[in-house]
Amino acid sequence: MTSERYNPRAAEAFWQSRWDEAKLFNLEPSTSSSREKYYVLEMFPYPSGRIHMGHVRNYTMGDVIARYKRAKGFDVLHPMGWDAFGLPAENAAKKNNIHPKGWTYDNIAVMREQLQSMGFSLDWSREFATCDVDYYHQQQKLFLDFYDHDLIYRKKSRVNWDPVDQTVLANEQVIDGCGWRSGAPVEQRDLTQWFFKISNYSEELLSALDGLDRWPEKVRTMQRNWIGRSEGLKIRFEIEATSADAILTSSTLEVFTTRPDTLFGASFMALSPEHPLTTQLASHSPQIEEFVKECQRQGTSLAEIETAEKKGFDTGLRVKHPFVEGKSLPVYIANFVLMDYGTGAIFGCPAHDQRDMDFARKYGLEVTPVVLPPDQQEASFYLQDEAYIGEGLIINSDFLNGLSIEDAKNMVAIRLEKNLVNGVAQAERQINYRLRDWGLSRQRFWGCPIPFIHCDDCGTIPVPQNDLPVVLPDDIDLNQSGNPLEMHPTWGKVKCPNCGMSARRETDTMDTFVDSSWYFARFTDPKSETPTNRAVVDHWLPVDQYIGGIEHAILHLLYSRFFTRAMKITGHLELKEPFRGLFTQGMVVHETYRDNDGNWIAPAEIRIDETDGKRTATLLDSNQPVSIGAIEKMSKSKRNIVDPDDIISTYGADTARWFVLSDSPPDRDVIWSEAGVEGAHRFVQRIWRLVNGTANLGVSSSMANPLQYTKETAPEILVTTHKALANVDKMISELRFNSAIAQIHSLVNAQEQALRKLSQTSGEFEKATMLFCIKTTIQMFAPMMPHLAEECWKIFDNSKMVATMIWPEVDQELIVETSMVLPVQINGKKRGEVKVAAGAAKDDVEKAVLALDFVQAALSGKTPRKLIVVPQRIVNVVV
RNA sequence: GCCCCCUUGGCGAAAUUGGUAUACGCAGCAGACUUAAAAUCUGUAGGUCGAAAGACCGUGCCGGUUCAAGUCCGGCAGGGGGCACCA
């Protein structure tokens, strides 16, 4: 006999240690298993201090899949680790005057325990942190391999500098002109930086998106836009001879355009302030030099770019129009032309580009329309200050007149490709991408050291493999400004491995996104003495189901796709794409509360009352009223946080797991509410009563297995249970956890009804059926509430754990319907029902329907105009 | 500015090949048990009209296709997200 209420606190700790002792979730790094592999992975956490509800939701979803797939007979890999390098550790260390390492590992210890208290079926034997020397040692090896394969280079470039975090940021890490972490407006600086050649893979990364059919369309679209492919023409314009000839190193100017069809509408050329031609001219012209400096002072924040005026400087140079004899175009330097896209120079066609229009109006340049909108007459078509960018036919363009835009583009390309300037074709077709190379240098301490050495004589050379790892020093001074590695008295001083003379270590560390770009591969054999163990990594990858936040749609997921390609080239794995299935889960959100002074109040500090449907909140300690605000993402600043530890100690992990899965579809935000959690907990107790009630029927064990029945003798509850099982099976495999939970709710409702009709004196067959149904139900909710499931299972079977049981099988024959109730519509509106045999022929259904009283009445003796019978679905009588 | 997504009861949501709209849960209301409360159980529940049977209306708004539209098409409104001086 068991206690009346289920006590999660004792049960959860007990079963967690039982699973642990049995090493149920630990897998040897084997490839020889006869079972099919399944790799489920949730994005690993940054060890910020404590886990939050977002983690609970993310890891619960992953755990449901892992436990479900395990029950389905797969070898499931479900590892966990820590994305442990990064700036917060440095900031915290500075504040508390400790080493970032200590802060990080302390946090990991706390968070590991929190995750374990949730009962996740994780393989902790594979755990690592990216700040472990072993992990970043392997990463340094990878880095040198990439370098050897020409996937990494170093160059001086204009970079995004975060003045608060005192570091360089990748383009992907600049959001609206501000640093992604600090939020500070980003400045431009010229620094020598390390880059990954991700742009080598622009086309590959783009086209392979089509094959990722188990990724959300939204993420694929975002990546497509980010890679930003555009087809166009690179055109060489001849520079007219002038007195400046002597200072120019080239007699042509190259531009990239996607609109060669508008070439006859061109009225000016514009160079980027950083264009080589600009630089050459500036060296001989103080005015140009001054203009370039002015452009460089221009900010790069969102507001500054939006309000920035189009500014230009006429260089006096002119280029020849390729098709119009005697026509030439002025060459400007313009502040809106980007050096790192295309060729850093454009031709301006004001009539059909808004930016060019603004520029032309400002400097009094010609505006010639060359595309006629379909609804316009040539005579009446003229342009004010708005460029026309739509479809139409070409006008004012000599041999292009009357062509479509598409045909005109082609025609221009064909002509210019044949046209030779100084023996070179005047144009070639080109495809450009927005995607830039990934700048990975960070001027920070708490990251993976870049394994290179600078020697005055030998240049920048890799650290020899035997000298790896380059380990971060423990004795650092974080209170100085700048990079502590650079300030360290001895760490950077080394002998050149080439010539043996004094040399300096590279003091930049790697972007932490490097760490997370291959951790999923390392999990397959985390102790391997090479970055990966080929036999093992090729067996386990790709990740079958990856789960994480949408915020990584571009950064992490694009970098990982690049790394997979780079690791393939360097022989570390054989794989096209790292993540076969991707799921982006929604956030956990909560109401916000503020007191009369506008201070944010935490949910734990208030009481909610409800009268006449109106909810009011009051402070617990002072009874002061509190205003209820918008529902927002849980955040420290708004204090609308619910601590998972509090929920676990009050209701237990299973209640928390059930709740985060139950209300909302997993890709949408879930609103955390006290009432919702209590509802989930009530259901936990209901199951407990149902299971114990069934146990109290007293079933002789000999009756239970196997159950003897036929389709005719099967009790209704058995059919209901098998139907629910079929549905739950389908819904879990489609990650529709909220729907699976609704099914289980319905099933439990039905089973409570069924149990009520039984007693100890009922027939053994009825009791055994009930027992079978309950055991099946326990297995169904086990992936979501594993502790409760074990505790319930134990009542019937003390020898095995649910976690070791295989998933129950649906009796397909039992759930096939023998008769059906079809809705009957008259003129498309439901007016009644008809009961027919499941396989009834159309004729028979028609006869049955026409015999119905309400159909006869509607027809009043006439024949129906139409009679539509959709088998298994519906009947519609059109009168 | 460009691109994408969403809009269903008081609330979270189901309806996943165009075929019974509102399953399941939360909050509510009524009742049972109880000295009482909690816990638990039962019933009820889109709107309007009606005593009832029932009728009509109803998935953001307007229109279309269809025997049949939450679902498909066109337009509009509101909300959210991504990119953004990319030639």
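Each chain gets a letter, A, B and so on, in the order the sequences are listed, and its residues count up from 1.
Counting heavy atoms from C-beta outward, A:Val684 and A:Trp658 have side chains that stay 4.5 Å or more apart.
A side-chain donor-acceptor contact under 3.5 Å links A:Tyr341 and A:Ser230. Between the side chains of A:Thr258 and A:Glu231, no donor-acceptor pair is found at a separation under 3.5 Å. In this structure, a donor-acceptor pair under 3.5 Å is absent between the side chains of A:Arg668 and A:Gln585. No hydrogens or angles considered: nothing links the side chains of A:Gln753 and A:Asn749 as a donor-acceptor pair under 3.5 Å.
Listed nucleotides B:U20, B:C24, B:A14 differ in distance to A:Pro823; the shortest reach to its side chain belongs to B:U20. Nearest to the side-chain atoms of A:Val878 among the listed nucleotides B:U17, B:C67, B:U16 stands B:C67. Of the candidates B:G12, B:A84, B:G19, B:G12 carries the atom nearest the A:Asp663 side chain, counting heavy atoms from C-beta on. Considering only the side chain of A:Ala675, B:A27 comes nearest among B:C24, B:U42, B:A27. The listed nucleotides are B:A14, B:A23, B:U17; the one nearest the side chain of A:Arg873 is B:U17. The side chain of A:Pro665 sits closest to B:A14 out of B:G82, B:A14, B:U16. Minimum atom distance to the side chain of A:Ile868 is reached by B:G19, of the listed B:G19, B:A13, B:C24. Considering only the side chain of A:Lys218, B:G81 comes nearest among B:A87, B:G81, B:G19.
Across all strands shown, B:G18 remains unpaired; no Watson-Crick or G-U wobble contact has both distances below 3.5 Å. B:C41: Watson-Crick or G-U partner is B:G31, with both key distances under 3.5 Å. Across all strands shown, B:C85 forms no Watson-Crick or G-U wobble pair with both distances under 3.5 Å. With a 3.5 Å ceiling on both atom-pair distances, the Watson-Crick or G-U wobble partner of B:C56 is B:G47.
Across all strands, A:Val870 comes closer than 4.0 Å to base atoms (heavy-atom distances). In this structure, A:Ser746 reaches the sugar-phosphate backbone alone: every heavy-atom distance under 4.0 Å involves primed, P, OP1 or OP2 atoms, never a base. Note on A:Ser673: nothing from the nucleic acid sits closer than 4.0 angstrom, heavy atoms only. Nucleic acid contact for A:Asn827: none, since no nucleic acid atom lies under 4.0 Å from a heavy atom of the residue.
Remark: A:Lys830 is not in phosphate contact with B:U20, judged by side-chain N or O atoms under 4.0 Å from OP1 or OP2. Regarding contacts with the backbone of B:C5, every side-chain N or O of A:Thr221 stays at 4.0 angstrom or more from both OP1 and OP2. Contact between the side-chain N/O atoms of A:Arg668 and the OP1/OP2 oxygens of B:A13 is found at a separation under 4.0 Å. A close approach under 4.0 Å does not occur between any side-chain nitrogen or oxygen of A:Lys633 and OP1 or OP2 of B:G80. Taking only side-chain nitrogens and oxygens, A:Arg756 comes nearer than 4.0 Å to OP1 or OP2 of B:U42. For the pair A:Asn738 and B:A14, the criterion of a side-chain N or O lying under 4.0 Å from OP1 or OP2 is met. The phosphate of B:U66 has neither OP1 nor OP2 within less than 4.0 Å of any side-chain N or O from A:Asn876.
Atom-to-atom, CG of A:Leu435 to P of B:G82 comes out at 19 Å; the value is rounded to the nearest Å. One atom, CD of A:Gln743, and another, P of B:A15, lie 11 Å apart when rounded to the nearest Å. Atom C1' of nucleotide B:U20 and atom NZ of A:Lys835 are separated by 17 Å, given to the nearest angstrom. The distance between atom CZ of A:Arg224 and atom C1' of B:A84, rounded to the nearest whole Å, is 19 Å. For A:Arg736 and B:A23, the CZ to P distance is 16 Å, given to the nearest whole Å. Atom CD of A:Glu734 is separated from atom P of B:U16 by 12 Å (rounded to the nearest Å). We find that CG of A:Leu867 is positioned 14 Å from C1' of B:A68, with the value rounded to whole Å. In this entry the distance linking CD1 of A:Ile671 with P of B:C11 reads 11 Å, nearest Å.
To the nearest whole angstrom, the two P atoms, one in B:C61 and one in B:G9, are 10 Å apart. The gap from the P atom of B:G19 to that of B:A69 amounts to 11 Å, rounded to the nearest Å. Going from the P atom of B:G46 to that of B:C73 covers 31 Å, rounded to whole Å. For the C1' atoms, the distance linking B:U16 with B:U71 amounts to 10 Å, nearest Å. Here, B:U59 and B:G64 have their P atoms 15 Å apart, quoted to the whole Å. The gap from the P atom of B:C29 to that of B:A14 amounts to 27 Å, rounded to the nearest Å. B:C24 and B:A38 have their C1' atoms separated by 26 Å, with the value rounded to a whole Å. Going from the C1' atom of B:G10 to that of B:U44 covers 16 Å, rounded to whole Å.
Between A:Tyr388 and A:His352, the two ring planes are perpendicular [angle over 60°; tilted spans 30° to 60°].
Both A:Val670 and A:Thr258 lie close to RNA chain B; mapped to their nearest nucleotides by heavy-atom distance, the more 5′-ward contact belongs to A:Val670. Along RNA chain B, the nucleotide closest to A:Gln825 and the one closest to A:Arg831 are compared, and the more 5′ of them pairs with A:Gln825.
Between the A:His590 side chain and the A:Ile671 main chain, no donor and acceptor come within less than 3.5 Å of each other. Proximity of a side-chain donor or acceptor of A:Arg236 to a complementary backbone N or O of A:Glu254 within less than 3.5 Å is not detected.
Less than 6.0 angstrom separates the ring centroid of A:Phe268 from the ring centroid of A:Phe359. Here A:Phe659 and A:Trp672 bring their ring centres to under 6.0 angstrom of each other.
A:Asn225 contributes no side-chain N or O that forms a donor-acceptor pair with the base of B:C83 under 3.5 Å.
Its glycosidic angle being within 90° of 0, B:G9 falls on the syn side.
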Please tabulate, one pair per line, each protein N/O and nucleotide N/O from nucleotides 36-40 of chain B that are separated by under 3.5 Å, including the distance.
from	atom 1	to	atom 2	distance (Å)
B:U40	O3'	A:Arg689	NH2	3.3

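The side-chain hydrogen bond (donor to acceptor under 3.5 Å, both in side chains) with A:Arg259 is formed by just one residue from the set A:Thr262, A:Asp261, A:Thr257; it is A:Asp261.
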